[in-house]
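Heads up: the structure comes next, in structure tokens.
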Amino acid sequence: MSVSVLVDKEKISDIVKNVSDKINNDYNEEYILLGVLSGSVLFFSDLAKNLTGDLKFDFIKLSSYGDEKTSSGNVKVIRDLVMDVNNKNILVVEDIVDTGYTVNFLVEYLKNKGAKSVKFVTLLSKPSRREVTVDVDYTGLEIEDKFVVGYGLDYAEKYRNLPYIGILND
Ligand code: IMP
Ligand code: MG
């Protein structure tokens, strides 16, 4: 399999800067920056360095994929977050919003734990793939229906280390 570059390092920095400016403008209360493992880690760390607000870090690991390229729609918590989110503002950091099942699941999950507000920032979004309607507050870049890897995104746990986002060709 080969990877062709879709979004290079420079473009990723521009996206991160753009999105973090908006977040810094919007948040004037304390919030928890909640990274969805493992795909969001590189975006999370670049984003966090540009955030100026009063925030804490936590992480959650979910699964719906297995080693396939399409979501099963059956989202499960594999590693739970550690902080008590009751009455807290949560900003969830996602690598990509595809079918929308993950975002949908997290809104319910965090609201059930008493979160005061739940917002989402995603590096990438594939709007044409939505199976459920979801509200994403900050989107770095919308892309077409291609399977992408790199900058945290994987195929069967590989390619996460690439410093750019690329299309995975068979
Ligand atoms: P959703 O629940 O279908 O919206 O999928 C969200 C998750 O699917 C993301 O957090 C990714 O882990 C994974 N995903 C969706 N599309 C891609 C892709 O093109 N490359 C790698 N992972 C993807
Ligand atoms: Mg993911």
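Counting convention: from 1, in listed order, for ligands and their atoms alike. Here the structure is a predicted model, which is why all the values come from computation and not from measurement.
- Counting only non-hydrogen atoms, the option in L37, V75, T102 that gets closest to atom 2 (O) of ligand 1 is T102.
- On a distance-only criterion, F147 and ligand 1 share no N/O pair closer than 3.5 Å.
- Residue contact check for ligand 1: E131 places no non-hydrogen atom closer than 4.0 Å to it.
- Heavy-atom contacts of G100 reach the following atoms of ligand 1: 1 (P), 3 (O), 4 (O) (cutoff under 4.0 Å).
- Heavy atoms from both the backbone and the side chain of D98 come within less than 4.0 Å of ligand 1.
- Less than 4.0 angstrom separates some heavy atom of K126 from each of these atoms of ligand 1: 16 (N), 17 (C), 18 (C), 19 (O).
- For the pair N50 (side chain) and S20 (backbone), a donor-acceptor distance under 3.5 Å is absent.
- Closest heavy-atom approach to atom 10 (O) of ligand 1 among the candidates D154, D95, L123: D95.
- Listed by atom number, the atoms of ligand 1 under 4.0 Å from E94 heavy atoms are 10 (O).
- By the 6.0 Å and 45° rule, K119 stacks over the aromatic ring of Y27.
- Classified by interplanar angle (parallel below 30°, tilted 30° to 60°, perpendicular above 60°), the ring pair F59/F44 is tilted.
- Contact between I96 and ligand 1 is present, with at least one heavy atom of the residue lying under 4.0 Å from the ligand.
- When atom types are taken as modelled, the side chain of R160 and the backbone of Y151 share no donor-acceptor pair closer than 3.5 angstrom.
- D26 meets the side-chain hydrogen bond (donor to acceptor under 3.5 Å, both in side chains) test with Y138; sequence neighbours excluded.
- Between the side chain of D95 and the backbone N or O of D154 there is no donor-acceptor pair closer than 3.5 Å.
- Remark: K111 pairs with no residue by the side-chain hydrogen bond (donor to acceptor under 3.5 Å, both in side chains) rule, at least two apart or across chains.
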